[in-house]
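Mind having a look at this structure? Questions to follow.
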Amino acid sequence: MSRYAFYECVRDGNGVIVSGATVSVYLAGTTTPANIYANLPDVTPVNSVITADDGTYSFFFDTNDYPSTQTFKFIISKEVSIS
């Protein structure tokens, strides 16, 4: 097993950091959820992770799950309350 780390920061259109957003990962061009791992030693894959207070998120792809040519689609969402 070999895993590759992915790390990024979510910002809105104005460059403001977005905490508490859900980052979901899918196989590119499909609605099929991708297997990602929230932590390196995890054995159970997940489909999404939540951004931290500083807007960052990270996860791992396992080389046993996908060929090196596989591409992915990221969907970032956050529920906002309007008063």
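FYI, side chains are in, hydrogens and waters are out, and symmetry mates aren't considered; it's all heavy atoms of this structure. Along the sequence shown, residues are numbered consecutively beginning with 1.
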Verdict with supporting geometry, V10 and V23, side-chain contact (heavy atoms from CB on, under 4.5 Å): CA-CA 9 Å; V10 174; V23 179; 4.2 Å; yes
Donor-acceptor contact present, side-chain D62 to main-chain I36, <3.5 Å: no
Smallest separation among heavy atoms of A34 and N47, with atom names: N-ND2, 3.6 Å
Aromatic ring pairing F72/Y66, orientation class (parallel under 30°, perpendicular over 60°, tilted between): perpendicular
Straight-line distance of L27 CG to Q70 CD, nearest 0.5 Å: 4.5 Å
side-chain contact (heavy atoms from CB on, under 4.5 Å) between T51 and T56, worked out: CA-CA 5 Å; T51 59; T56 61; over 6 Å; no
Minimum heavy-atom distance S19-A52, with the two atoms named: CB-O, 3.1 Å
Nearest heavy-atom neighbours spanning R11 and V18: C-CG2, 4.0 Å
Derivation of the side-chain contact (heavy atoms from CB on, under 4.5 Å) call for V46 and Y37: CA-CA 6 Å; V46 296; Y37 301 85; over 6 Å; no
Whether D12 side chain and N14 backbone form a donor-acceptor pair below 3.5 Å: yes
Non-hydrogen atoms of D53 and I17 that approach each other most closely: O-CG2, 4.1 Å
F6 and F61 aromatic ring geometry - parallel, tilted or perpendicular at 30°/60° bounds: perpendicular
Non-hydrogen atoms of Y57 and C9 that approach each other most closely: CE2-N, 4.5 Å
Donor-acceptor contact present, side-chain R3 to main-chain L40, <3.5 Å: yes
For the student: nearest non-hydrogen atoms of I75 and Y26, plus distance: CD1-CE1, 3.8 Å
CG/D54: more than 12 non-hydrogen atoms of other groups inside 6.0 Å: yes
